[in-house]
Amino acid sequence: MNTVYFTTKVNGASFRIRLDDDSVFSQYDILELRRSEIKSYLSYEREIYDFLWFGTEFGVRSNLNFSLSNSLYRRGDTLVEGQVDIAPFVNFSIFLVPPRKFLD
């Protein structure tokens with residue numbers, strides 16, 4: 001059995017950072033690192049055995065936001081703004097699924 005998917009995902013995360021008094025940004029109490037990206041990729045999965053599958057993904061990812069801010073709110077001052085270009089990626093995997101006899 002073979003499956004092919006085309007997928008687009010938007011991912012993001014936000015991290016709060018507390019710093020020591022001797023850091024470059026010591027005048028700020030808490031900093032926040034924000035990142036978000038969009039990924040578009042093609043996935044191919046193939047059954048190797050009843051419960052063992054092989055998968056591969058290839059596509060591109062584009063950075064939407066990568067910044068360090070001195071505020072926990074969207075309107076805070078951006079201290080560092082990252083510029084990341086579009087990048088291709090490839091992923092290979094082997095994974096286990098329930099055997100067919102369990103699904104019947």
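Atom-to-atom distance recorded for R35:CZ and N11:CG is 6.5 Å, nearest 0.5 angstrom. Expressed to the nearest 0.5 Å, how far OG of S93 lies from CD of E45 amounts to 7.0 Å. Note that CG of L68 and CD of E32 are 9.0 Å apart. Values are rounded to the nearest 0.5 Å. To the nearest 0.5 angstrom, S69 atom OG is 10.0 Å from L33 atom CG.
Ionic pairing of E81 and R34 is not present here: no N-O contact between side-chain nitrogen and carboxylate oxygen is shorter than 4.0 angstrom.
Linking ILVMFWY side-chain heavy atoms closer than 4.5 Å, directly or via other members, places F58 and V4 in a single hydrophobic cluster. A continuous path of Ile, Leu, Val, Met, Phe, Trp and Tyr side chains, each step under 4.5 Å between heavy atoms, connects I17 with F66, placing both in one hydrophobic cluster. V97 and F102 fall into different hydrophobic clusters, defined by Ile, Leu, Val, Met, Phe, Trp and Tyr side-chain heavy atoms under 4.5 Å apart, directly or through other members. Clustering ILVMFWY residues whenever any of their side-chain heavy atoms sit less than 4.5 angstrom apart, transitively, puts V60 in a cluster other than the one holding V90. Linking ILVMFWY side-chain heavy atoms closer than 4.5 Å, directly or via other members, places I86 and F89 in two distinct hydrophobic clusters.
A side-chain donor-acceptor contact under 3.5 Å links R46 and N2.
Counting heavy atoms from C-beta on, the side chains of F95 and L52 never come closer than 4.5 Å. Two residues are said to be in side-chain contact when any heavy atoms from C-beta on lie closer than 4.5 Å; F54 and F92 meet this criterion.
Considering all non-hydrogen atoms of both residues, N63 and G82 come closest at ND2-O, 4.0 Å. Scanning both residues, P99 and D50, for their nearest heavy atoms gives CB-OD2, 3.4 Å.
The side-chain contact (heavy atoms from CB on, under 4.5 Å) check on I38 picks up T8, V10, S62, L64, with sequence neighbours excluded.
Pairs of residues two or more places apart, or lying in two chains, that qualify as side chain to side chain donor-acceptor pair (under 3.5 Å) and include a residue from residues 51-61 are E37-R61.
More than 12 heavy atoms of other residues, nucleotides or ligands shown are found within 6.0 angstrom of CZ on F6.
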